[in-house]
Amino acid sequence: PSSTTTTSCCGYRSASSARTDDTMSASSLNAATTTDTPGELARLAPGLPDRGSISALIASLQADGRELAAAMRVARQLVLERLAVLDVEQQAPMPDITGAMTALAETTLDLALSHARRLLDARSGVPRDADGAPVEFWIVGMGKLGARELNVSSDIDLIYVYEDDGVTDGAQPLSAH
């Protein structure tokens, strides 16, 4: 079958849902990563996914009424589908694939942390140190995530770090631990 393609700034063609390679449409990887909703892949900017295009995709999915968790699940499927095409049909270099998977993990971790902080701050108040300054919280990626070498089957190893002891400033203070 023929497909419409466009060239992105990265030099990769972005195929529409009609695949140009019969082996791709028959592969078990493609079957496992192809979304149930035709046309959804067009929401992801053409070419190699990066933090900006993944963030924009998730925002677009949320604008259509999906909760953050659902939008991130759909975004993951769309990124995997795009990467399967780039890898199998266009022989994208491995660092491009692992970089895009790392961008997906970093973007979704940032969004999830921001969302959780907003919810917890609204419910229990902002965590503050003894001087009243907000206590910062970070997620540190270890292993393949820290090395920016995630592949499509990688798990992620995380360390959660907070800046200082403290308590929330809400009606019922909680430990910042």
For Val126, does its backbone N or O pair with a side-chain atom of Asp169 as donor and acceptor, under 3.5 Å? yes

Answer yes or no: is there a donor N or O on one side and an acceptor on the other, between the side chain of Arg128 and the main chain of Val167, under 3.5 Å? no

Just wondering, do Asn151 and Met101 contact through their side chains at under 4.5 Å, heavy atoms? no

Quiz question: by atom type and distance under 3.5 Å, do the side chains of Thr107 and Asp110 form a donor-acceptor pair? no

Indicate yes or no for a side-chain donor-acceptor contact from Ser53 to the backbone of Pro49 under 3.5 Å, with no hydrogens or angles considered. no

With the 4.5 Å side-chain cut-off for hydrophobic clustering, are Trp138 and Tyr162 part of the same group? no

Given side chains that start at C-beta, do those of Ile156 and Leu145 come closer than 4.5 Å, heavy atoms only? yes

Between Leu158 and Val140, is there a side-chain heavy-atom distance shorter than 4.5 Å? no

Please confirm whether the backbone N or O of Asp87 pairs with a side-chain atom of Gln90, one donor and one acceptor, at under 3.5 Å? no

With a 4.0 Å cut-off, would you call Arg73 and Glu40 a salt bridge? no

Is the count of non-hydrogen atoms from other residues, nucleotides or ligands lying under 6.0 Å from Arg123 atom CZ greater than 12? no

Closer than 3.5 angstrom, by distance alone: can the side chain of Thr98 be matched with the main-chain N or O of Pro95 as a donor-acceptor pair? yes

Could you tell me whether a side-chain N or O of Thr168 sits under 3.5 Å from a main-chain N or O of Leu174, the two making a donor and an acceptor? yes

